[in-house]
Amino acid sequence: MFAYVVKRLISGVLVVALVSMAIFLLFWYGPSSPAQTVCDRETSNRCGDRIEIYERTLGYDNPVYEEYGKFVQGVFVGRTITVASNEYECTAPCLGLSFVTKQPVKEALVDRIPATFSVAIGGAFLYLLFGIPIGVAAARRRGTLADKALVSSFLFISSIPYYLFALLTWLYLTITFEIPFFSNTGYFSPITEGPWAWFSGLFLAWVALGIFGCTQYTRFTRGAMVEALSEDYIRTAKSKGLPTRTIVYKHGLRAALVPVVTIFGIDFGTLLAGTIFTERIFEIQGIGWWSLQAVQNRDLPVVMATALFSAVVLIISNLLVDIVYSVLDPRVRLS
Amino acid sequence: MSADTAGPETLGSLSNEPAPQDPNSEQAKEIAGKSPLRIALGRLARDKVAVVCALVVLFFIICAVFAGTISNLFGVSLDTPLASERVDGLNNNLPKPEMGPPNGPFTWDHPMGVAPRTGQDNMAYWLYGCRVSLTIATTAAIIASIVGVVVGLLSGFLGGKVDKVLSFFIDMFLTIPFLLAALTLAPILNERFNTADNYATIQKFSLVVVLSVFGWMGTARLIRGEVLSLREREFVQAARVMGMPTSRILFKELLPNLAAPIIISVSLMLPAFVALEAGLAFLGIGVTDGVSWGQMILDAATPVYFRDYPQYLWQPMIGVVALVLSLNLLGDAIRDALDPKTRR
């Protein structure tokens, strides 16, 4: 077990290193003139020849490996970033300097994380809260009219694009009907503005995310439950005369949950990495909203930092899923 | 040993094999004349949901192909009018009463009304938006399927190291969330090309590239699995023994047997791409020149317009939802028709 975890950790660190290199290269070679935005902004769109100064001070004259080295150094010990004639201090872990605010990206990122995490945790909780019981109920009534109606209506919901579902929810509940509880969506800090503001601001986003996402979990749970309930040990449990509830929940659901937990881990990681549509529609100022804003402002260092952040979150969550899965199902470790 | 060859002692009627048929009989002709594809089409034609969905999809295809003709027929165009002629600046820039809803009665000049603020005709934009949506989705689906089929064929058939490397790429691309990747690539592409003259074309082109780069993995996986089981079959071994070159085995022997999974994967890819195209335009990182359903939704989803002019939002919204929904249901029906085992 220990050896397996160490092996997975080492490969995880390697993947992070490779992905950071790939993203750095993408932002180095991708734009035809990476310093153009900051130059335009600082010279009120009269950049002209001064672009050369910006390119030199930002290091775009140097070879790419040297600059990547500086970037890595900044992440671990911090660095000083020079933009034209100004110098900016950037403490570790330094992810660069926003072209718009001239603040280190890390500080803004840390400010945005609670919002995205709140959305992700609430949404993921509702995935499971709705998804698993409905899936179990459908599996137990398999083949009945109720089961068929549920499966086809969920197929219908999941066929609608998520952003339209969320957009309609928001437009109708807050603008057309003006329900006071929903009227003020967004992220409010539970500490400074109180847990109630936090809860009511995010509630609608959670519900939209939860209802839409749970359809998938209902389908998984139903499939896994149908399979588990037809196993021999369930028949044995029945013949021993165990109560139905024990059979379904203790023996059936426990076996059925293993694949569901795996998928949930990956989904949760994706949510943590950025819930772009949800944040955009419900005006929650988290990482997804921020990176979208940065894309519109052509603020490349911010986009790069959010991409890196998302990649690292995804890699960590995949790693955790692998480790949890190897605990749940020891066969994985051996192969 | 079948009943025919076993001699008179055996009880022929107890044999498991079907009774030999006269190949010229009426019944035999009916069975022999149907290819698997025709059987599937027959199943599809009996599926009422599939027929309705196919008609809806056909309607959208007609709208997309004849967008210009239909616009001319109704006398509407994409031209940018003088906004003050059509919208009322004193009333939140909503259309004037003579332009139709929301403040006036229906008018044939603008069957779907005009947009607030700009006064552009909704119908023309809707029709051309349909064209943009379907063109991008179809092109991307074709490219993604070609890439997926080739990768799946190679990795399934060649096995060994090739399979390992290609499977690694499939898994790697599968872990990248599409939206985050698109959001990261959008500003880079923008920085590179936004000074070009044909920016709008480049934008659509790169959208197709991004969609296909992140859309081929499902097909590749599916095809790889099919090839793994097909390559052990007798006809492939026979072809190998006869010394057929690998490329011919792949494309002449295996590919025709993969028609069903390819059709299924294309039909499930299309609705996803239509939804993504509109979604990216809604976020402002897809098509940004205005002729796109996603852009219309973005424009209409402001509180002021939605409160007084909800049709403006509903028109593109219904377009996206109806197209995506019917493509999805049609895809499911096609899958059930081609492969009855997966029927729910």
Side-chain angles (χ1 to χ4, degrees), chain A residues 15 18-19 23 26-27 29-34 36-37 148 151-152 155-156 158-165 167-168 170-172 174-176 178 266 269-271 273-277 280-281 287-288 291-292 294-300 302-304 306-311 314-315 318, chain B residues 49 172 174-196 271-272 274-280 282-285 288 293-294 297-298 300-307 310 313-314 316-318 320-329 331-332 344:
Chain A
V15 173
L18 279 177
V19 166
I23 291 177
L26 199 64
F27 278 87
Y29 288 114
S32 47
S33 171
Q36 190 73 45
T37 319
K148 278 180 192 153
V151 168
S152 43
L155 184 75
F156 188 83
S158 59
S159 296
I160 302 169
Y162 167 69
Y163 55 92
L164 294 183
F165 179 78
L167 187 66
L168 279 183
W170 179 73
L171 284 172
Y172 271 99
T174 65
I175 291 173
T176 310
E178 294 184 41
I266 294 167
T270 316
L271 283 181
T275 43
I276 297 163
F277 278 123
R280 164 75 181 73
I281 289 166
I287 294 168
S291 58
L292 198 61
V295 168
Q296 269 144 23
N297 291 334
R298 297 158 62 209
D299 197 350
L300 291 181
V302 171
V303 181
M304 187 171 124
T306 50
L308 257 178
F309 172 80
S310 314
L314 278 174
I315 291 166
N318 273 317
Chain B
V49 177
M172 193 183 80
L174 274 174
T175 53
I176 304 174
F178 172 79
L179 257 188
L180 292 174
L183 197 66
T184 309
L185 290 175
I188 296 177
L189 291 168
N190 213 23
E191 283 298 307
R192 179 153 287 269
F193 296 114
N194 65 354
T195 46
V274 170
L276 281 175
E277 188 275 322
L280 290 182
F282 172 71
L283 289 179
I285 53 178
T288 52
W293 282 342
I297 293 173
L298 172 67
T302 47
V304 176
Y305 294 159
F306 181 70
R307 200 175 286 129
L313 176 75
W314 279 110
M317 189 93 112
I318 286 174
V320 177
V321 171
L323 185 56
V324 170
L325 202 61
S326 50
L327 278 172
N328 260 326
L329 296 178
D332 277 347
R344 290 174 306 277

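Chain letters run A, B, ... following the sequence lines, proteins first, then strands; residues in each count from 1.
- Heavy atoms of B:Leu327 lying under 4.5 Å from chain A are absent altogether.
- Interface remark: of the candidates B:Thr175, B:Ile285, B:Val324, B:Val324 forms the most heavy-atom pairs closer than 4.5 Å to chain A.
- Residues B:Ile297 and A:Leu164 meet the side-chain proximity criterion, which asks for heavy atoms closer than 4.5 Å.
- Summarising the geometry of A:Ser310 relative to A:Ala273, their closest heavy-atom pair is OG-O, 3.1 Å, with the distance given to 0.1 Å.
- At least one donor-acceptor pair under 3.5 Å links the side chain of A:Ser152 to the backbone N or O of A:Lys148.
- Not counting sequence neighbours, B:Tyr305 has no partner by the side-chain hydrogen bond (donor to acceptor under 3.5 Å, both in side chains) test.
- Heavy atoms of B:Ile176 lying under 4.5 Å from chain A are absent altogether.
- For A:Leu314, the part sitting under 4.5 Å from any heavy atom of chain B is the side chain, from C-beta outward, and nothing else.
- For B:Leu298, the part lying under 4.5 angstrom from a heavy atom of chain A is the side chain only.
- In this structure, chain B has no heavy atom under 4.5 Å from any part of A:Ile266.
- In this structure, A:Pro31 and B:Ile188 approach most closely via the heavy-atom pair N-CG2, 3.8 Å.
- When heavy atoms are compared at a cutoff of 4.5 Å, A:Leu300 approaches chain B solely by way of its side chain, counted from C-beta outward.
- Among the candidates A:Ile160, A:Leu26, A:Leu171, the residue making the largest number of heavy-atom pairs closer than 4.5 Å to chain B is A:Leu171.
- Looking at A:Ala311, neither its backbone nor its side chain comes within 4.5 Å of chain B, counting heavy atoms on both sides.
- Nearest heavy atom pair, residue B:Arg192 against residue A:Tyr29, reads NH2-O, 2.9 Å.
- Under the 6.0 Å distance and 45° angle rule, A:Arg280 does not count as a cation-pi partner of A:Tyr163.
- In this structure, chain A has heavy atoms under 4.5 Å from both the backbone and the side chain of B:Pro303.
- Using a 4.5 Å heavy-atom threshold, the side chains of A:Ile281 and B:Phe282 count as touching.
- Residues B:Thr184 and A:Val303 come closest through the heavy atom pair CA-CG1, 4.0 Å.
- If you measure heavy-atom distances from A:Leu167 to chain B, the contacts under 4.5 Å come from the side chain alone.
- Both the backbone and the side chain of A:Phe156 come within contact range of chain B, with heavy atoms under 4.5 Å apart.
- Side chain of B:Thr288 to backbone of B:Gly284: no donor-acceptor contact under 3.5 angstrom is found.
- Looking at B:Leu283, the atoms closer than 4.5 Å to chain A (heavy atoms on both sides) sit in the backbone and in the side chain alike.
- For A:Arg298, the side-chain hydrogen bond (donor to acceptor under 3.5 Å, both in side chains) partners at least two apart in sequence or on another chain are B:Glu191.
- Listed options B:Ala186, B:Pro310, B:Ala301 were ranked by heavy-atom pairs under 4.5 angstrom with chain A; first place goes to B:Ala301.
- Heavy-atom distances place both the backbone and the side chain of B:Ala278 under 4.5 Å from chain A.
- Interface remark: A:Asp299 contributes no atoms to any contact with chain B (heavy atom separation under 4.5 Å).
- Heavy atoms of B:Leu189 lying under 4.5 Å from chain A are absent altogether.
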